[in-house]
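To keep things clear, I will list the structure first and then write my remarks on it.
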Amino acid sequence: MRLCICICTCERPVGLARLLKALDQQRLGNLAETALRILIIDNGRSRAAVPVVEAYRATGRFPVTYAREETRGLAAVRNRSLAEASAAGADWVALIDDDEFPDRDWLHNLLETALGTGAAACNGPVVPFFDRVPPTWAAAGGFFAKRLPVRDGFVQDGYTANALLDLRVIRALGLSFDMRFNTLGGEDTFFFRSLLQAGHRIAWAETALVYDSIPTHRMRVRWLLARWYRSGNVEAYLGRLRPETVTGRLANAGRGLARLGGGLLRLGIAGLSLRPETLIGGGYTLCRGAGLLAAVIGLSYREYHPSRYR
């Protein structure tokens, strides 16, 4: 068995160095060290990742391959990851980003769960790791954690923030990340939905923990509201990839208006609690509804456009 840990990086050398250090501390269980390779795909312009990669290559535990993807955007860099892993002869691909770092048993638990269930993919929880002491509302509200509803050990969605893929299945299906979501986001949602629609399953590994570094600029209500607006926007575009119809637009408009109404109601109820995290959480439904309605009239929030990279 051959496995590539694929890291997409963009102008985060400090985060990349922390991630590589954490990978060196992995307890692999039955997975042989010789079966493991780290693959780093650099989507930045400054080549800030190069010194980090060279330092790791000199002293690190695992062999590492570095490649640059000149086309900016999430789908482009993730597709390059799959292509490079396939060229390296990998059977499995683990996905993690440069603003994250894993628990010591992360990879072992992901792979054990996938093999034990026979699933073509596996996801695990993403836990926030605040770079400084966060505002009380940020910690209490749970706004920065990522997890999925689980039923009988499986999920009906997926994300790339903490994932394992059977690359043999992906190649057989001809799956890739859709470039229509390259700067919009949601490319991972569409990818995992396509895997499910092809009849495969996505397992959930509760103990395969990844920590997401939350910088100061994200510990703001404005950032959360923009992220929730973008989520609603992406949801609408996910449903509009088939040919446009009046019925489809009306359905999205109806969902958007319903969420706006529900969001206003939630805000009203939340205001009675006098708890900031409850009030902020009330904006979730409202912002997603606004994002849906924006997409109905053709507006898109390109969070990952090159001009927005941070």
Next on the checklist: Does Asp98 form a salt bridge (charged side-chain N to carboxylate O under 4.0 Å, His left out) with Arg12? I'd like the steps, not just the answer.
Outcome noted: CA-CA 7 Å; Asp98 62 356; Arg12 290 192 183 115; 2.8 Å; yes
Item to check | side chain to side chain contact (heavy atoms under 4.5 Å, CB included) evaluation trace for Leu167 with Trp92 | outcome: CA-CA 5 Å; Leu167 192 54; Trp92 292 87; over 6 Å; no
Item to check | Audit row: Glu187, Leu74, side chain to side chain contact (heavy atoms under 4.5 Å, CB included) steps and yes/no | outcome: CA-CA 7 Å; Glu187 82 295 335; Leu74 293 177; 3.6 Å; yes
Item to check | side chain to side chain contact (heavy atoms under 4.5 Å, CB included) assessment of Asn43 paired with Thr9 | outcome: CA-CA 6 Å; Asn43 204 213; Thr9 187; over 6 Å; no
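Salt bridge Asp42/Arg80: absent, no basic N to carboxylate O contact under 4.0 Å.
Note on residues 111-125: no pairs pass side-chain hydrogen bond (donor to acceptor under 3.5 Å, both in side chains), not counting sequence neighbours.
Within the 4.5 Å cutoff, the side chain of Cys8 has no heavy atoms near those of the Glu69 side chain. Between Leu82 and Arg171 the shortest side-chain heavy-atom distance does not fall below 4.5 Å.
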Throw together a table of side-chain donor-acceptor distances under 3.5 angstrom for residues 128-141, partners on residues two or more places apart or in other chains.
from, atom 1, to, atom 2, distance (Å)
Asp131, OD1, Ser213, OG, 2.6
Asp131, OD2, Ser213, OG, 3.2
Arg132, NE, Thr216, OG1, 3.3

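Ala161 and Glu100 make their closest contact through O-OE1, 2.7 Å (heavy atoms, listed as atom of the first residue, atom of the second, distance). When all heavy atoms of Pro102 and Gln26 are compared, the pair lying nearest together is CG-NE2, 3.6 Å. Residues Cys122 and Ala205 approach most closely at SG-CB, 3.7 Å, considering heavy atoms. Taking all atoms of both residues into account, the shortest heavy-atom contact from Trp204 to Arg147 is CH2-CA, 3.7 Å. Here the closest non-hydrogen pair linking His108 and Gly29 is ND1-CA, 3.8 Å. Heavy atoms only, all atoms of each residue included: Met219 and Phe144 are closest at CA-CZ, 4.3 Å.
Screening Val126, Thr189, Leu95 for a side chain to side chain contact (heavy atoms under 4.5 Å, CB included) with Tyr159, the sole residue that qualifies is Val126. Each of Leu39, Asp97, Leu16 was scored for a side chain to side chain contact (heavy atoms under 4.5 Å, CB included) with Ile7, with one residue passing: Leu16. The residue from Leu111, Leu164, Leu23, Thr207 that alone fulfils the side chain to side chain contact (heavy atoms under 4.5 Å, CB included) condition with Trp106 is Leu23.
Hydrophobic clustering keeps Tyr66 apart from Ile41 (ILVMFWY residues linked when any side-chain heavy atoms are closer than 4.5 Å, directly or through intermediates). The hydrophobic clustering, which links ILVMFWY residues whose side-chain heavy atoms are closer than 4.5 Å, places Leu196 and Phe177 together. Under the 4.5 Å side-chain heavy-atom criterion for Ile, Leu, Val, Met, Phe, Trp and Tyr, Phe62 and Val210 are members of the same hydrophobic cluster. With hydrophobic clusters built from ILVMFWY side chains whose heavy atoms lie under 4.5 angstrom apart, Val14 does not share a cluster with Tyr56.
Here Phe190 and Phe181 bring their ring centres to under 6.0 angstrom of each other. Ring centers of Phe143 and Trp228: under 6.0 Å apart, within the cut-off.
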